[in-house]
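Right, one structure below, let's go through it.
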Amino acid sequence: MSNKKILQAPFSDETIRSLRAGDMVYISGTIYTARDAAHKRLYEMIQRGEQMPFDFTGQVVYYAGPAPAKPGKPIGSVGPTTGGRMDAYSPTLIAEGLKVMIGKGTRSAEVIEAMKTHTGVYFAAIGGAAALMAKCVLSAEVIAFDDLGTEAIRKLQVKELPVVVAVDSAGNDVYKLAISSYQVKSL
Amino acid sequence: MKIIKVSDITNLVEKLCIDACCVISDDINNKFKSCLETEKSPLGKNVLSTLIENAKIARDECSPMCQDTGVTVVFVKMGQNVKIEGGFIEDAINQGVRQGYEKGYLRKSVVRSPIDRVNTGDNTPAVIHYEIVPEDIFHITVSPKGFGSENKSALKMLTPSEGVEGIKRFVINTVSVAGGNPCPPIIVGVGIGGTMEKAALMSKKALLRPLNTKNPDPVLANLEAELLDEINKLGIGPAGFGGTTTALGVHIMTYATHIAGLPVSVNIGCHATRHAEGEL
């Protein structure tokens with residue numbers, strides 16, 4: 001576990017291209033939370049040609065809806081939610097520039113295709129390790145859709161958030177690769 | 001005759017909501033540690049040690065292990081002669097949920113209607129199951145259920161001719177399709193028999209059985225062991241990153257059923273499968 005690979009967000013295309021499915025990396029810098037309800041709104045805003053609440057270029061979206069912050073803490077427990085539920089919206093958002101994603105679980109062929117076309121990367125955080133991940137968050141501020149509560153878009157400053165490259169920009173998928181190497185075929 | 005005050009029910013439910021979300025049960029934490037020894041994938045080992053560390057932080061700081069503090073599922077087991085005083089039991093339970101989720105800084109994830117999807121703001125209403133028993137007891141289990149795992153659960157009405165092989169195929173297929181989404185290593189609750197809703201409820205109750213206990217029915221105990229072995233051969237591994245620890249346990253409950261039917265329900269519990277219990 002030496003040589004911890006720390007990536008600074010936002011990401012350049014060069015950084016994205018250097019990542020390989022299965023790499024364990026740590027993300028520091030600015031990231032944005034958005035999950036189901038926020039994705040639906042962003043998608044509808046794009047359809048209507050409206051301006052996005054933040055500049056997507058190189059930015060990281062974290063599929064998460066945090067628990068409430070205790071007094072004196074920037075945020076409550078904040079682990080990843082299932083990425084597959086964003087599949088309906090992601091190809092459109094990726095085309096708009098929001099192509100670095102953190103979630104958990106597999107993505108659709110359409111999302112992976114969009115990542116290959118636009119040089120995107122999908123990281124998986126460890127589902128359920130939310131108390132630990134809250135400790136990586138230095139500050140949090142709601143920047144859009146305040147009425148959505150936990151589903152509002154939050155701008156987070158994070159330090160060394162632990163993630164695994166789940167799907168790289170060439171379309172390699174850790175969920176397929178790693179699983180097949182530990183699968184014991186039944187008769 | 002036991003007399004229970006509604007205010008005591010509220011206070012107990014409040015405490016159990018917080019305990020269930022912040023304190024991992026010993027059987028699960030011990031199982032993480034033994035799986036850390038046997039897991040073959042380095043990344044899988046890394047995930048298991050992260051989960052152990054996460055559980056420790058949650059317990060020490062009394063913060064929720066997972067941000068998805070779920071729909072609050074409450075199991076009430078009460079004696080037929082117990083008398084509830086001072087109000088309606090269901091209101092008392094929901095008030096306990098309201099207080100627990102507020103005081104415990106737990107996330108409110110419940111929407112008032114599956115159609116309009118407006119958040120109720122206090123995680124109520126709870127999903128409550130009552131069981132009437134002859135003993136003079138009042139026992140509550142609170143089991144917050146996150147939807148990463150709940151969404152991957154499934155129920156199927158098999159035909160009797162599909163038999164044990166059909167049951168096995170359905171359970172393994174459900175776990176395989178779920179993959180990394182329900183936060184493995186998972187606990188697999190299986191309800192077999194009864195009617196459709198009886199099977200579903202058994203599969204959820206089965207998740208509550210401690211991991212270190214054996215099914216008292218030797219036929220079911222064997223089936224559990226066989227299924228666990230098969231599931232761990234799927235290669236899904238901790239967090240779905242590949243590995244030999246996909247499930248921590250398979251728990252089966254059965255009930256009498258119809259000559260024409262074989263209902264099977266699979267309820268998947270995440271690696272925390274949170275629950276806390278108490279008595280009044």
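A, B, ... follow the sequence lines: proteins, then strands. Residue 1 opens every chain.
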Worksheet entry | Partners passing side-chain hydrogen bond (donor to acceptor under 3.5 Å, both in side chains) against A:D87 (at least two apart in sequence or in another chain) |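 With sequence neighbours excluded, A:D87 shows a side-chain hydrogen bond (donor to acceptor under 3.5 Å, both in side chains) to A:R107, given in chain and number order.
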
Fill in: Non-hydrogen atoms of B:N181 and A:T82 that approach each other most closely
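B:N181 and A:T82 have their closest heavy atoms at ND2-CG2, 3.6 Å.
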
With no hydrogens and no angle check, is any side-chain donor or acceptor of [X] less than 3.5 Å from a backbone partner on [Y]?
{"X": "A:K70", "Y": "B:C62", "result": "yes"}
{"X": "B:Q67", "Y": "A:G79", "result": "yes"}
{"X": "B:R107", "Y": "A:P68", "result": "no"}

Verify the neighbour count for atom [atom1] of [X]: are there more than 12 heavy atoms of other residues, nucleotides or ligands below 6.0 Å?
{"X": "B:K31", "atom1": "NZ", "result": "no"}
{"X": "A:D146", "atom1": "CG", "result": "no"}
{"X": "A:Q157", "atom1": "CD", "result": "yes"}
{"X": "A:Q47", "atom1": "CD", "result": "yes"}
{"X": "B:K204", "atom1": "NZ", "result": "yes"}

Worksheet item: If contact means a heavy atom pair closer than 4.5 Å, which residues of residues 165-172 of chain B contact chain A?
Response: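 None at all.
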
Fill in: Region of B:C21 in contact with chain A, defined by heavy-atom distances below 4.5 Å
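It is neither, since no heavy atom gets under 4.5 Å.
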
Fill in: Under 4.5 Å from any heavy atom of chain A - which part of B:T69
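Neither part.
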
Contact check, side chains of [X] and [Y], non-hydrogen atoms, under 4.5 Å:
{"X": "A:I126", "Y": "B:L51", "answer": "yes"}
{"X": "B:K108", "Y": "A:T150", "answer": "no"}
{"X": "A:V164", "Y": "B:L43", "answer": "yes"}

Pick one of side chain, backbone, both or neither for [X], based on which atoms fall under 4.5 Å of a heavy atom in chain B.
{"X": "A:A64", "result": "neither"}
{"X": "A:K176", "result": "neither"}
{"X": "A:T106", "result": "both"}

Atom [atom1] of [X] and atom [atom2] of [Y]: how far apart are they, to the nearest 0.5 Å?
{"X": "B:L234", "Y": "A:Q183", "atom1": "CG", "atom2": "CD", "value": "6.5 Å"}
{"X": "B:F241", "Y": "A:K104", "atom1": "CZ", "atom2": "NZ", "value": "10.5 Å"}
{"X": "B:N119", "Y": "A:E151", "atom1": "CG", "atom2": "CD", "value": "8.0 Å"}
{"X": "A:M133", "Y": "B:T50", "atom1": "CE", "atom2": "OG1", "value": "8.5 Å"}
{"X": "B:D68", "Y": "A:S77", "atom1": "CG", "atom2": "OG", "value": "11.5 Å"}
{"X": "B:I52", "Y": "A:L132", "atom1": "CD1", "atom2": "CG", "value": "12.0 Å"}

Who wins among [options] for the most heavy-atom pairs under 4.5 Å with chain A?
{"options": "B:A239, B:A58, B:P64, B:G180", "answer": "B:P64"}
{"options": "B:G243, B:A272, B:C270", "answer": "B:G243"}
{"options": "B:T244, B:L106, B:N232", "answer": "B:L106"}

Item to complete: For salt bridge (charged side-chain N to carboxylate O under 4.0 Å, His left out), just list the numbers for B:E61 and A:K135, CA-CA rounded to whole Å, side-chain angles, deciding distance to a tenth of an Å, and then say yes or no.
Response: CA-CA 11 Å; B:E61 299 189 357; A:K135 290 180 112 44; 2.4 Å; yes

Item to complete: Go through A:A178, A:G128, A:A125 and name the one with the most non-hydrogen pairs under 4.5 angstrom from chain B.
Response: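 Looking at each option in turn, the highest pair count goes to A:G128.
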
Discussion item. For chain B, which candidate among A:A131, A:P80, A:G84, A:G105 shows the most heavy-atom pairs at distances under 4.5 Å?
Written reply: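 Of the candidates given, the most pairs with chain B belong to A:A131.
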
